[in-house]
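Remarks on the structure that follows.
Residue numbers begin at 1 in each chain, while the letters A, B, ... track the order of the sequences.
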Amino acid sequence: MESIHASEVKAICKGKMVTKHLNEVNEVCMQKGEFGREDKGHKESEDVVRLSVIAKSYAGILKELGEDVDRQGLLRTPLRAAKAMQFFTKGYRETTDDILNDAIFDENHDEMVIVKNIDMFSLCEHHLVPFFGKVHLAYLPNKRVVGLSKLARIVEIYSRRLQVQERLTKQIATAISEALEPAGVAVVIEAIHMCMVMRGVQKMNSKTVTSVMLGEFQENPKTREEFLILTKN
Amino acid sequence: MNGHCTSRKDAKDEFRLPGLEAAYTRILRELGEDTDRQGLLRTPLRAAKAMQFLTKGYHETIHDILNNAIFDEDHDEMVIVKDIDMFSLCEHHLVPFFGKVHIGYLPNKKVVGLSKLARIVEIFSRRLQVQERLTKQIAMAISEALQPKGVAVVIEAMHMCMVMRGVQKMNSCTVTSTMLGIYREDPKAREEFLTLAKHA
């Protein structure tokens, strides 16, 4: 059996089979969620190795912070923290195609569809500290509508990654735009950044708002205004 | 007070940074990220410093912050400081939990500078914690410093480990309390504190 280093994978990247360092694969494929694995069993044993390395790193961090890793409360913390971190970044292993495939329907509807107050949780890629809030999104169908929960699942795919709020907003908008080819897409995110609240400048009540307007929402101020009014809380 | 000794001192923080940085770099790579992309270049260092800040309570002591701010005062009515913002790290998942701390004490001829109560919250919350222990440590610290007739501490907090992952309950709130002295023995005193802490 071919032995493979934990950091190397057989990956399918853009239709080509490669054995690459995961970083190289991800530089090209990460943000588009395009890489897949050829062998599920192989993937599972790789995941176990990765988990073990992450857990060891967390054990090291606890020691460097001056904690006693042998005390009862911390005994399994490295493993729990590693699993938690993998969960927080599971969006890397999901693609829009995976979740959308069957849920696009032909519908003669061309009025605005809004899904608002979608809870969002992400990790700031600068400090590895959570930021979270609400996503409000809308699209103007062009004869095709999508299952409503799929919009929330798109938010999940891109938010469960190391992110920057601006990029997250744009990725959600672009994903909806590419999947549905609608007449317009609007995405607004309001979030609290723990890196600003728990540390650093420590402003308890500050919120960051970002938005992306595509198509009709960008070109037509009235359409944009209608969306903004309907999503105001 | 945590029942164990930590070896970290202020001056050593700088020396520990490279070890922390290396660990975070490994974590990022094993999560499948590209540590050479622009957004992540300095992340290991930032994350290391952030983590040190979030656990700085380990090398702060009550004596450091309380020494000059205990005053003799002939006051024996309840003193409450409520809605103190609190941010801590769950020691099980290393994920934040945060909320409000409400403190009440019945002075026994000695009162403390009010901001010191908030500083006591800071000392114990900026550690790897469990909400129950945090509540008790705050109460015990006030009790030992002031020897008042009673101390009451209530914490209401949201745990990101329950909200962002696991059972994923968005609106759940965990409440813990420690009642010492007269707050434990006298239901009326306890009730007065809880009423005043709850309402404006």
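- For B/K136, the NZ atom counts as loosely surrounded, since its 6.0 Å shell holds 12 or fewer non-hydrogen atoms of other residues, nucleotides or ligands.
- Taken to the nearest 0.5 Å, the CG atom of A/L74 stands 8.0 Å off from the CG atom of B/L94.
- In this structure, the separation between CG on B/L128 and CZ on A/R71 is 6.5 Å, given to the nearest 0.5 Å.
- A 4.5 Å side-chain heavy-atom check between A/F121 and B/R165 finds every atom pair outside the cut-off.
- Only the side chain of A/Q202 comes within less than 4.5 Å of a heavy atom of chain B; its backbone N, CA, C and O stay farther away.
- For a residue to count as touching a neighbouring chain, one of its non-hydrogen atoms must lie under 4.5 Å from one of that chain's; by this rule B/V163 touches chain A with backbone and side chain alike.
- No more than 12 heavy atoms of other residues, nucleotides or ligands lie within 6.0 Å of CG in A/N205, so this atom counts as exposed by the packing criterion.
- Heavy-atom distances place both the backbone and the side chain of A/M85 under 4.5 Å from chain B.
- Taking the six-membered ring where the residue is Trp, A/Y58 and B/Y24 present perpendicular rings, their angle passing 60° and hence far from 30°.
- Rounding to the nearest 0.5 angstrom, the gap separating the CZ atom in B/R29 from the CZ atom in A/R50 is 12.5 Å.
- In this structure, CG in B/N171 is found 7.5 Å from CG in A/D119, a value given to the nearest 0.5 Å.
- Contact detail for B/G39 and A/E125: the closest heavy-atom pair is CA-OE2, 3.2 Å.
- Among residues at least two apart or in separate chains, side chain to side chain donor-acceptor pair (under 3.5 Å) pairs with a member in residues 78-88 of chain A are A/T77-A/R80.
- No salt bridge links A/K56 with B/E30; every basic N to acidic carboxylate O contact stays at or beyond 4.0 Å.
- If you measure heavy-atom distances from A/M198 to chain B, the contacts under 4.5 Å come from both the backbone and the side chain.
- Only the backbone of B/S88 comes within contact range of chain A, with heavy atoms under 4.5 Å apart.
- The minimum heavy-atom distance linking A/F88 with B/V95 is given by the pair CE1-CG2, 3.7 Å.
- Of the atoms belonging to A/L75, not a single heavy atom falls under 4.5 Å from chain B.
- In this structure, chain A has a heavy atom under 4.5 Å from the side chain of B/F98, while its backbone stays farther away.
- No more than 12 heavy atoms of other residues, nucleotides or ligands lie within 6.0 Å of CZ in B/R119, so this atom counts as exposed by the packing criterion.
- In this structure, the separation between CG on B/L31 and CZ on A/R161 is 13.0 Å, given to the nearest 0.5 Å.
- Note that the CG atom of A/L65 and the NZ atom of B/K56 stand 14.0 Å from one another [nearest 0.5 Å].
- Interface remark: of the candidates B/M160, B/M170, B/H92, B/H92 forms the most heavy-atom pairs closer than 4.5 Å to chain A.
- Between chain B and the residues A/S57, A/P78, A/A59, A/P130, the largest count of heavy-atom pairs under 4.5 Å involves A/S57.
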